[in-house]
Amino acid sequence: MASLLILLLATGVLASGCGSGGDSAGEGVTGEEQYKIGAVLDISGKASSLGTPERDTLQMMVKQLNTQGGINGHQVDLTILDNKSDETEAVLAAKTLIEKDVLAVLGCSSSGPSMAMLNTVQNEKVPMISLAAASSIVEPVSERQWVFKTAQSDKVTVGKITNYLREQNISKVAFLYMNNAYGDGGRIAFSEAAKENNIEILVEDKFEASDKDMTPQLTRVKASQAEALIIWAIPPSASIATKNFKDLGLTIPLIHSHGVGNQKFIDLAQGAAEGVILPIGKLTVAQQLPDTDPQKEVLLTYINNYTQKYGSPPDSFGGYAWDAFNLLVNAIEKAGPDRAAIRDELEKTQGFTGISGVFNISAQDHNGLDEESMVLVQIEDDKWQLLE
Amino acid sequence: MDTPSQLLQLLFTGLTLGSIYALIGLALVTTFNITGILNLAQGEFVTIGALLAISLYATGLPLAAAFIIAVLLVATLGGVLERCAIQTARQASALTLIIITLGLSIFLRGLALLVWGTETYSLPAFSEGGPLFIGGAAITPQSFWIFGLTALTLAGLYAFFELTYWGKAVKAAVLNRTAARLMGINPNRLSLLAFLASGALGAAAGIFIAPVTMTTYDMGFMLGVKGFVAAVIGGLNNIGGAVLGGILLGILESFSAGLISSGLKDAFAIIILIGVLLVRPQGIIGSLKERKI
């Protein structure tokens, strides 16, 4: 029964996905030329828990925008392609979109496929806004003129973590990471920050995204003198590692990265996520923020809109898509349908209050977020609880 | 934690992993023994069994009922596939038949993707309570369930092949189809039985490991590869060998990840496979002669 239901739902989702392009085309009978935008997301495959809420957010927003009259009277035609969490598919999808003459490309959801698209957009001179974490997507800026990103960089996340470690007087840690671009980005950023803050990394080990058991790596952590463990991964392997951690009877603080910022992580860990600490965008704890927080209103509006449409609250990944879409729309509003002008406008974005933080993008920083954009949370009773 | 308990921990982890591989290896060897076909869709039986049980359990059925229904459904699926795809091509060469099972595996993975999507699912552990600590090393109750299923399956298959009339008939049909037919044994019915059994066994394995490994539509491929390596290490026509091969593989993986480097873990499986094929192509306890008697 349940599987039948899922099958029906799946066909529904597919149908709505196919329909979105046609919908906006139908509405565009104002005589004005349509603005084409493309998105490449990890809708299926290993990073699907990231790509799905991003797709849903984009579909919701383009509909809202078009009913409100589009950009300067131009309807927006958004094409979303699935890269199946695969680097090659991502590049092919980006090329398909560029051939369709899109003004800009949003995506990908995760770091590996985002990195893979860099060359294509650089050569074709198409603005791209990635939704992934690795700092290397936008650094060095001199080689990434056309690339921006909305997810907080690993450096920002690492800063939050090292601050916490310093406050707790923890100087010896273990570090486990996922063997891909996301995990590697975290490892590089953390080992640099650890050196600066006199934090000693006693154990450093990796695991594959498809691994079913991280006990061997965790056994090394247990045998060491580490006072805290930092894991840099996304679900499901992040959940498995957390479960193994509890099963081994380890009691040191467990700190995760913002890659686990969705309910799926907590659900899959089956109670083992209790007490896990992580830095994350403010979305998940929007209700608990003080009223003085500049982002609170934006966050609550997004949560309301999304929950009304899809029946469950959004997560930070959907937020990255929200930011990317709005940054782009603002830039097109000012620049018009010209790729180079859009790029220049994106680079001038100052004080834009989004879901992931307040963006101050410049020629030196194509992410534009600082540590203010994140908060530390702890998981209590399967919910995110604001720490601090 | 001192070194002995660290080693013990790696051993426990290896045993759990190894039992999972052994279960899949056992199903492969059973089908191979009866039909002469290497069923490359075995890993998909594991995935679909687990996913079905998870969906059934989510509808509110008790875990035991979900388990039984899922096992029966996957056994039926195995039977249907055998009748539709294998039986119709029965006269083709062994290689063709293996390629057909490869096609079945891709078909089943696509089906699972359509029905369940790319989400990760998990089942609660069969028994309550945290891990047990033996000599400072932790072992989860679910691991014991997996050991138990492996031991039970091994004993059951051994008893069937060695002690029952039907088991001997099966072996006879493998050695010489024509002679067996003359003696009143129907190899076509045996082939159906083999796929029913491997479907059921695969599903049971999938459900037992779901609380430990979590389940996605595409996990069958890697499990199938590991099960295949386990079966080849042990010797393709030896059920005891499949278990030994699986456990050996699991322990080697665990120790190489824990003591040397986790990057080497999957390479080890292939290195061992090549090593065994070069030195003892019949497997560590299998014998090629057996099939020719």
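What you see is a predicted model, and the numbers here were worked out from it, not measured in a lab. The chains referred to below are lettered A, B, ... by the order of the sequence lines, with proteins before strands, and numbering in each begins at 1.
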Nearest atoms (heavy-atom pairs only) where A:Leu248 meets B:Ala138: CA-CB, 3.9 Å

In this structure, OG1 of B:Thr213 is separated from CG of A:Asp213 (nearest 0.5 Å) by 9.5 Å

Would a distance-only check, ignoring hydrogens and angles, find a side-chain to backbone donor-acceptor pair under 3.5 Å from A:Lys243 to B:Pro211? yes

At a 4.5 Å cut-off on heavy atoms, which part of A:Asn179 comes close to chain B: side chain, backbone, both, or neither? neither

So which part of B:Phe255 gets closer than 4.5 Å to some heavy atom of chain A, the side chain, the backbone, both or neither? neither

Specify the closest pair of heavy atoms between B:Leu123 and A:Gln270, including all atoms of both residues, with the distance to one decimal. O-NE2, 3.0 Å

Atom NZ of A:Lys172: over 12 foreign heavy atoms under 6.0 Å: no

Contact residues of residues 255-265 of chain A (partner chain B; heavy-atom separation under 4.5 angstrom): A:Lys264

Check each atom of B:Ser122 against the heavy atoms of chain A and say whether the ones under 4.5 Å are side chain, backbone, both or neither. both

For the atom pair OG1 (B:Thr13) and CG (A:Asn244), what is the distance rounded to the nearest 0.5 Å? 8.0 Å

What distance do B:Thr120 atom OG1 and A:Ile240 atom CD1 have between them, rounded to the nearest 0.5 Å? 8.0 Å

Least distance between heavy atoms, A:Asp247 atom then B:Pro131 atom: O-CG, 2.8 Å

Relative to chain B, which of A:Met214, A:Lys212, A:Gln217 shows the most heavy atom pairs under 4.5 Å? A:Lys212

Rounded to the nearest 0.5 Å, how far apart are OG of A:Ser44 and OH of B:Tyr217? 6.0 Å

Would A:Ser49 and B:Glu119 count as having a side-chain donor-acceptor pair, cut-off 3.5 Å? no

Looking only at non-hydrogen atoms, find the nearest pair between A:Pro216 and B:Gly258 and report the distance. CB-N, 3.8 Å

When rounded to the nearest 0.5 Å, the distance separating CG of B:Leu259 from OG1 of A:Thr219 is 9.0 Å

For A:Ile43, which atoms come within 4.5 Å of any heavy atom of chain B: side chain, backbone, both, or neither? backbone

Smallest heavy-atom separation, B:Met214 atom then A:Leu268 atom, equals CE-O, 3.1 Å

A:Tyr310 atom OH, over 12 foreign heavy atoms within 6.0 Å: yes

Please find the pair of heavy atoms, one from A:Lys222 and one from B:Gly136, that lie closest to each other, and give the distance. NZ-O, 3.9 Å

Is it true that, when you exclude A:Trp384 itself, more than 12 heavy atoms of the residues, nucleotides or ligands shown sit nearer than 6.0 Å to its CH2? yes

